[in-house]
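Just below is one structure, and these are the notes that go with it.
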Amino acid sequence: MTRTCLAVILAAGESTRMKSSMSKVLHPVGGRPMIAHVVESLVDAGISSVALVVGRDADSVTSAANRSDIEISAFLQTERLGTGHAVLAAKEAIAKGYDDILVVFGDTPLITAAPLMAARQALAEGSDVVVIGFQTADPTGYGRLIVENGELQAIREQKDASEEEKRITYCNGGLMAINGDKALELLGKIGNTNVKGEYYLTDIVELVRAGGGRAIAVEAPEAELMGCNNRAELALIEAVWQKRRRHELMVSGVSMIAPETVFLAFDTEIGQDVTIEPNVVFGPGVTVESGAVIHAFSHLEGAHVSAGATVGPYARLRPGANLGRDSKVGNFCEVKKAEIGAGAKVNHLTYIGDAFVGEKTNIGAGTITCNYDGVNKHVTRIGANVFIGSNSSLVAPVSVGDGALVASGSVVTEDVPADAVAFGRARQEIKPGRAKILRERYQAEKAARKK
């Protein structure tokens, strides 16, 4: 579409019903602020300019909305006098002269590009105002869209609707597109002669019709227009977003055994033929390549899992974890800021942090890379084809050369050369008969205490 468009995002609400110390549009859905989801849909719809109407937490909201591929200007709304008044807070931007003005809300993170593009297309075809609506089985509380002969006659609020109008299931979603040439004139005509003394954007429909203009409605799925006012609604939005994203991944070739138990982030990337078992959580910044398996009850964040690798069950990959091809991080293991080489195995009950592990190395159960001295983090370097025995502690900074072997139970504080064997434990001693002597002594002491 060659027409220019300014999107006005209304994000100045006080968010009182969220009972939160921050603006509701900053609350995350899929691991990022809901305002960022709205902006992404605008970008997908080909919109390059945004007027962001802000109030509470203005700087934080603007920062959360910002991205490099869209121009965003923030406008502070100092008074709360209704949606019509809120849009006029961006009067300076609207006056620059755009073909289309699109009004959206910062708390509708499920909106996609399709209805936004449909509304703009309707403007291109000659409409002056386009309202985005939805069909619902229960319209109670929503403004009804009164449509006759394909044109939108009015938006009737529940309290003003007749019994016949209350049976209408086509409802106002709040989002709207306005002819840019008429936008400021129409917005300026909105009055506040109502009980609350507020300027309602919905009045623009009857105003445009009174001036001989054309208003229509375009339909969007109900879920896409779901707004957020409290934590319960935030949870519902999160559930819809997760279900949508899971479906997209499964259609693309990802297997999920119990998809309703898998939780994804906005930027989770998963390749074909990946299998994800139940109860897996993906935080931001995770890429899983084709053929990998993520076993049950694992948590991944800021991690890269290469093709054919396996994770878990009960594994945690923290930011900076990079698993090589066909490697394994097993049950009750934690990896942080570490490279795990191709074919290497970190099987169980192990912590690998700030480390490099070479190809085909085996890390025994209970191994710890001791990376923190109380002030600084240090690096452990483990070569290829190394065997680290169970219950070993590698005190960084330390290196273990290719092909080396570290005996079980060792505390390694010095570099181990390639192909060497390192023992870092006390020599075992045997005291024949001492166990019997000690047992008899302890039993006698116990009996004496009971007297």
Side-chain angles (χ1 to χ4, degrees), residues 6-17 51 53-56 75-95 100-108 119 122-123 127-134 139-149 151-218 225 227 229:
L6 172 72
V8 180
I9 305 178
L10 304 185
E14 292 293 339
S15 312
T16 53
R17 283 178 285 178
V53 179
V54 293
R56 180 183 180 187
F75 298 88
L76 184 64
Q77 184 187 9
T78 56
E79 295 181 280
R80 309 290 184 267
L81 298 177
T83 48
H85 178 263
V87 175
L88 278 175
K91 182 177 180 179
E92 178 185 335
I94 298 171
D100 305 335
I101 303 298
L102 187 64
V103 180
V104 299
F105 296 104
D107 66 345
T108 56
L123 291 181
S127 295
D128 295 304
V129 170
V130 183
V131 173
I132 300 177
F134 62 96
T140 305
Y142 293 113
R144 308 305 203 275
L145 299 182
I146 313 299
V147 179
E148 295 180 8
N149 300 320
E151 293 197 13
L152 180 62
Q153 306 295 314
I155 301 175
R156 192 82 72 231
E157 296 303 323
Q158 168 96 13
K159 65 183 185 314
D160 300 322
S162 66
E163 289 304 314
E164 182 180 355
E165 289 170 340
K166 287 179 181 177
R167 289 192 286 272
I168 295 172
T169 58
Y170 198 10
C171 298
N172 177 31
L175 283 66
M176 185 180 295
I178 308 169
N179 182 334
D181 291 335
K182 298 182 179 181
L184 285 179
E185 177 188 355
L186 290 169
L187 290 166
K189 289 181 179 179
I190 297 175
N192 66 340
T193 55
N194 52 64
V195 174
K196 291 187 176 181
E198 294 186 349
Y199 300 86
Y200 295 132
L201 184 61
T202 51
D203 290 350
I204 204 171
V205 173
E206 295 188 52
L207 287 170
V208 74
R209 288 184 57 80
R214 185 170 189 261
I216 71 164
V218 296
L225 300 176
N229 292 303

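Please read all numbers here as calculations on a predicted model, not as lab measurements.
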Check [X] against [Y] and note the closest heavy-atom contact, atom names and distance.
{"X": "Ala177", "Y": "Leu102", "value": "CB-CD1, 3.9 Å"}
{"X": "Tyr170", "Y": "Val218", "value": "OH-C, 3.3 Å"}
{"X": "Phe105", "Y": "Gly173", "value": "CE1-O, 4.4 Å"}
{"X": "Leu6", "Y": "Ala51", "value": "CD1-N, 3.7 Å"}
{"X": "Val130", "Y": "Ala122", "value": "CG2-CB, 3.6 Å"}
{"X": "Ile190", "Y": "Gly84", "value": "CD1-CA, 4.4 Å"}

Among Arg214, Arg209, Lys182, find the residue that satisfies the salt bridge (Lys or Arg N to Asp or Glu O under 4.0 Å) test when tested with Asp128.
Lys182

Leu184 versus Leu88: any side-chain heavy-atom pair under 4.5 Å?
yes

Tell me if the CD atom of Gln153 is crowded by more than 12 foreign heavy atoms within 6.0 Å.
yes

Would one find more than 12 heavy atoms of other residues, nucleotides or ligands at under 6.0 Å from atom CZ of Arg80?
yes

From the list Thr202, Ile178, Leu152, Leu201, side-chain contact (heavy atoms from CB on, under 4.5 Å) with Val131 holds only for Leu152

How long is the gap from [atom1] on [X] to [atom2] on [Y], to the nearest 0.5 Å?
{"X": "Arg56", "Y": "Gln77", "atom1": "CZ", "atom2": "CD", "answer": "14.5 Å"}
{"X": "Leu81", "Y": "Glu198", "atom1": "CG", "atom2": "CD", "answer": "7.0 Å"}
{"X": "Asn149", "Y": "Ile216", "atom1": "CG", "atom2": "CD1", "answer": "13.5 Å"}
{"X": "Ile132", "Y": "Leu145", "atom1": "CD1", "atom2": "CG", "answer": "11.0 Å"}
{"X": "Tyr142", "Y": "Asn172", "atom1": "OH", "atom2": "CG", "answer": "10.5 Å"}
{"X": "Leu186", "Y": "Asn179", "atom1": "CG", "atom2": "CG", "answer": "8.0 Å"}

Report the C-alpha distance between Ile94 and Leu187 in whole Å, list the side-chain angles of each, state the deciding distance to 0.1 Å, and finish with yes or no for side chain to side chain contact (heavy atoms under 4.5 Å, CB included).
CA-CA 11 Å; Ile94 298 171; Leu187 290 166; 4.1 Å; yes

Keeping the roles fixed (side chain from Arg144, backbone from Lys166), state whether a donor-acceptor pair exists under 3.5 Å.
yes

CA sep, side-chain torsions, deciding dist, call: Val8, Val53, side chain to side chain contact (heavy atoms under 4.5 Å, CB included):
CA-CA 7 Å; Val8 180; Val53 179; 3.9 Å; yes

Salt bridge Lys189-Glu185, side-chain N to carboxylate O under 4.0 Å
yes

